[in-house]
Novice: 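One structure coming up, written as structure tokens, with questions to follow.
Throughout, a chain's letter reflects where its sequence line sits, starting with A, and its residues are numbered from 1.
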There are 2 protein chains.
Amino acid sequence: MAQKVKLSTIAEALGLSTATVSLALRDSPLVADTTRERIKEKAIELGYIYNRRAASLRTSRSGIIGVVVHDIMNPFYAEILKAIETELDRSRQTFILSNHYDSVEKQRNFIETLLQLGGDGVIMSPAIGTPASDIRLAEDNGMPAILIARSVPEIDVPTFRGDDAYGTALATNHLISLGHTCIAMIGGTDHTSTGRDRYAGYAAALTKAGITVDPALRIPGPRTKQSGFEAAVNFLANPLKPTAAVCWNDLVAIGLMNGIARAGLVPGKDISVTGYDDLEEAAIATPALTTVWNGQSEVGRFAARALLDKLNGSSEADGLHLIKPEMRIRQSTSPLNPGAGRQGAGQSQAGDSETGARS
Amino acid sequence: MAQKVKLSTIAEALGLSTATVSLALRDSPLVADTTRERIKEKAIELGYIYNRRAASLRTSRSGIIGVVVHDIMNPFYAEILKAIETELDRSRQTFILSNHYDSVEKQRNFIETLLQLGGDGVIMSPAIGTPASDIRLAEDNGMPAILIARSVPEIDVPTFRGDDAYGTALATNHLISLGHTCIAMIGGTDHTSTGRDRYAGYAAALTKAGITVDPALRIPGPRTKQSGFEAAVNFLANPLKPTAAVCWNDLVAIGLMNGIARAGLVPGKDISVTGYDDLEEAAIATPALTTVWNGQSEVGRFAARALLDKLNGSSEADGLHLIKPEMRIRQSTSPLNPGAGRQGAGQSQAGDSETGARS
DNA sequence: TGCTCCGATTCAAACGTTTAAACAAAACTA
DNA sequence: TAGTTTTGTTTAAACGTTTGAATCGGAGCA
């Protein structure tokens, strides 16, 4: 690496001042066309690289936007991220991605790092238990925040997520309309607003149909395939003999279906299963998964736009914005056929259960 | 946001110079213990935020490391990324992530952005067709590069990847040892070194076993579940009636198994399928997937370490480092049973399929 | 001729750190 | 006592941009 090429290198080579060079490279109308041309050519010739930290020190705009979610390798977030990426790319912002794995501390670290780097804004799916003060830390230091997928109490920044209660009610109603009356709910926790909303939607739908809500039919757990797979054992062993399951998300649902298949039952026939999110994967699962589209791409797009707007001075989007989910009916749900499958399940399940996979 | 708190704010509040404050906050032994204490307290009290761009302007070390891969939502990369993250976190580096989707241009943009931000180094899985000049661009500007998963011709920077030829040979031999002789290879392209190596390993294993390599048994395609799913049709329609498939990766394999199941055949019994990578998902697929562990976590860890070493002045790791893959045998492969499956497959589907997985 | 005005360019002061070198005062040394 | 160290702190010059204000050489006008 010869010697670092900077504005002054170009300026000297051309007998101009750095000011002119700076202006020219940014296409300012203040500099003569011919000069601009000469400068730009020279810049390329010398392999000039714009130093953004020097610039941002002066301008206090870094072009950096932070995005932090629970886990970027979770396809649910991945779809949101893709939408955000597309939207931000277009306005030439660099984005820094991070997982917080629901650790409030890791999340705060990220916010601090971002502040140190002079981040222009942050989009976050807040970790469980995020205190309002962490959001304010960002906002108070001039870094606007946008929330996705979850809300934080007492915080009024723009927030985008699916209408969870509505969505699970949709799924539950679908199963009820197929004749199911003993419906379990699998996966997720009650520690997040999402968790409470989803359970509420499920419970409300049952109640409305005159079915008693039985807490024994709730099997909470992580939101992973693995967890769904493992939940199959409990599900099948449940003395109430549920014939259908509303799952927290597609991953859990696919895991559950795998578990059910392992136990010798046919998911979609013997047991009806609904997912949530409508990941790409849902359509090619076997059987293809009936699920609830949760508008990830919309969430991502809206969030990115809201942030960009905010950076340009508007604050119209403050507060909560719910995306209305939609039902995607496929083959993993079918009408209740009394007598089929469900009792044969008892024995085939016991034998296989302990050989189950780990990872 | 009141007024930006900087070193001088603290200095003034305490009647000291910014130099002392700067030193104190970085725990320099040059400043008296009591002073250091006072300074640190004040910093917290005032909500001081360290300005990294100002600092890095002076020190030319930004603490930023870039990582660019084909697609971060691809679980193969996700596992590598996780390993990198763990390793970098420990040395308090911030990392910026990006997809290039195999667009050389997008990749170059990323490198340029990173240079502008003063990135300390970059870890990349180069896009197909990456010219040596793009790597040199980084290196020549003082930003060392590390390559993962793929090599770039003429480039000698530290490169970490699995031994692909060896790995596919492993899988192919496994199938041969089970009695299969008509073995297809599904997914991937020949435009990457990885692609060529994998095909070579497959071909070599066949040849060594005295089986003729038939190009008609090669079904290239993207490296996704979707693509594997779609390939099932071609695979089953192939007039050579292959009884086994070596798949490019686990995603393709799982997609293919879904496709085979859709067609009424039982993957793992009627058709043997091997994957590649040993993703978490492989163990809980139905049937549990026989696959080749490709050492993603090692690749990530080694790559991160190599970069950190390089930043500290050592350059021992230059050149190619191959990780030796290992076989993971599960239920998606079974001995060839002549006559069974391939034609009479239609009915056998629902019954027994599998007992538990192990891994 | 003297004036203003204009377009093109330059000056110089920021932006918030770090760090070599200088300094001052206190603590030893001879 | 004066000289030397040691300890703690300050000075001031960077780092590479941006930008309001200043400069300069004409052109246009009266």
Novice: From C:dT9, D:dT9, C:dT18, pick the nucleotide closest to the side chain of B:Tyr50?
Specialist: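 Out of C:dT9, D:dT9, C:dT18, the nucleotide with an atom closest to B:Tyr50's side chain is C:dT18.
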Novice: Identify, with sequence neighbours excluded, every residue that meets salt bridge (Lys or Arg N to Asp or Glu O under 4.0 Å) alongside A:Asp318.
Specialist: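 With neighbours one apart ignored, the set is A:Lys310.
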Novice: Whether B:Arg301 and B:Glu298 form a salt bridge (side-chain N of Lys/Arg under 4.0 Å from carboxylate O of Asp/Glu) is what I want to check.
Specialist: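 The answer is yes: the pair qualifies as a salt bridge.
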Novice: If you fit an axis to the five pairs at each end of the helix from C:dT1-D:dA30 to C:dA30-D:dT1, how big is the angle between those two axes, to 10 degrees?
Specialist: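 That helix gives 60° between its end axes.
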Novice: Of the options D:dT18, D:dA12, C:dT10, whose atoms approach the side-chain atoms of B:Ala19 most closely?
Specialist: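 For B:Ala19, the side-chain atoms sit closest to D:dA12.
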Novice: I want to check one thing: is the phosphate of C:dT18, taken as OP1 and OP2, less than 4.0 Å away from some side-chain N or O of B:Thr59?
Specialist: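 For B:Thr59, the contact criterion (side-chain N or O under 4.0 Å from OP1 or OP2 of C:dT18) is not met.
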Novice: Does a side-chain N-to-carboxylate-O contact under 4.0 Å join A:Arg108 and A:Glu105?
Specialist: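 No salt bridge links A:Arg108 with A:Glu105.
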Novice: So what does A:Gly15 hit on the nucleic acid, given a heavy-atom distance under 4.0 Å: a base, only sugar-phosphate, or nothing?
Specialist: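 Sugar-phosphate, backbone atoms only, no base.
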Novice: D:dG16 P sits how many Å from A:Glu12 CD, rounded?
Specialist: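 Distance check: A:Glu12 CD to D:dG16 P gives 12 Å.
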Novice: Round to a whole Å and report the spacing from CZ of A:Arg36 to P of C:dA8.
Specialist: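 Distance check: A:Arg36 CZ to C:dA8 P gives 10 Å.
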Novice: Regarding B:Glu85 and A:Lys106, does a basic nitrogen lie under 4.0 Å from an acidic carboxylate oxygen?
Specialist: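 Yes, B:Glu85 and A:Lys106 are salt-bridged.
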Novice: Send over the distance from A:Leu7 CG to D:dT19 C1', rounded to a whole Å.
Specialist: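 From A:Leu7 CG to D:dT19 C1': 13 Å.
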Novice: Between A:Asp102 and A:Arg223 (salt bridge meaning N to carboxylate O under 4.0 Å), is one present in this structure?
Specialist: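 A:Arg223 and A:Asp102: salt-bridged.
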Novice: Can you tell me if the side-chain N/O atoms of A:Ser17 get under 4.0 Å from OP1 or OP2 in C:dT9?
Specialist: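 No.
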Novice: Please determine, for the side chain of B:Lys6, which listed nucleotide (D:dG8, C:dT18, C:dG16) has the closest atom?
Specialist: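 So the side chain of B:Lys6 is nearest to C:dG16.
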Novice: How long is the line joining CG of A:Leu117 and P of C:dC15, in whole Å?
Specialist: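 Nearest whole value for this atom pair: 21 Å.
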Novice: Could you pick out which residue, B:Leu30 or B:Leu57, lies toward the 5' side of DNA chain D when each is mapped onto its nearest nucleotide?
Specialist: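 Nearest nucleotide further toward 5': that of B:Leu30.
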Novice: Rounded to whole Å, please give me the gap between CZ in B:Arg38 and C1' in D:dG8.
Specialist: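 Rounded to the whole Å, the gap is 12 Å.
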Novice: Can you identify which nucleotide, out of D:dG16, C:dT10, D:dT9, has its nearest atom closest to the A:Leu23 side chain?
Specialist: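 Comparing D:dG16, C:dT10, D:dT9 against the side chain of A:Leu23, the answer is C:dT10.
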Novice: Describe, in one word, how the ring planes of B:His70 and B:His100 are oriented to each other, choosing from parallel (under 30°), tilted (30 to 60°) and perpendicular (over 60°).
Specialist: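 B:His70 vs B:His100 ring planes: perpendicular.
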Novice: Should the pair B:Asp33-B:Arg38 be classified as a salt bridge under the 4.0 Å nitrogen-to-oxygen rule?
Specialist: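 No.
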Novice: Is the phosphate of C:dT18, meaning OP1 or OP2, less than 4.0 Å from a side-chain N or O of B:Arg26?
Specialist: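 For B:Arg26, the contact criterion (side-chain N or O under 4.0 Å from OP1 or OP2 of C:dT18) is met.
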Novice: If I take atom CZ in residue B:Arg61 and atom P in nucleotide C:dT19, what distance separates them, rounded to the nearest angstrom?
Specialist: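 Checked: the CZ to P distance equals 12 Å.
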Novice: In this structure, how many angstroms lie between the C1' atom of D:dC15 and the CZ atom of A:Arg52, rounded?
Specialist: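 So the two atoms are 18 Å apart, to the nearest Å.
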Novice: Scan A:Ser60 against the nucleic acid and name what it touches under 4.0 Å (heavy atoms): base, sugar-phosphate only, or nothing.
Specialist: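 Answer is nothing: A:Ser60 stays at 4.0 Å or more from every strand.
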Novice: Side chain of A:Thr35, heavy atoms from C-beta onward: which of C:dT17, D:dT18, C:dA8 has the nearest atom to it?
Specialist: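 Ranking C:dT17, D:dT18, C:dA8 by closest atom to the A:Thr35 side chain puts C:dA8 first.
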Novice: Just compare C:dT18, D:dT11, D:dT18 and give me whichever is closest to any side-chain atom of A:Thr18.
Specialist: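 Side chain of A:Thr18 sits closest to D:dT18.
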Novice: Starting from P on D:dT10, measure out to CD1 on B:Ile10 and report it in whole angstrom.
Specialist: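 The distance from CD1 of B:Ile10 to P of D:dT10 comes to 14 Å, rounded to the nearest Å.
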Novice: Just verifying a value: how many Å separate A:Leu30 CG and A:Arg36 CZ, rounded to the nearest 0.5 Å?
Specialist: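 These two atoms lie 9.5 Å from each other.
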Novice: Of all the nucleotides listed (C:dT9, D:dG8, D:dG16), which has the minimum atom distance to the side chain of A:Val31?
Specialist: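 Nucleotide nearest to A:Val31's side chain: C:dT9.
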Novice: Counting side-chain heavy atoms from C-beta on, which of D:dG16, C:dT19, D:dT18 comes nearest to A:Ser22?
Specialist: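 Among the listed nucleotides, the one closest to the side chain of A:Ser22 is D:dT18.
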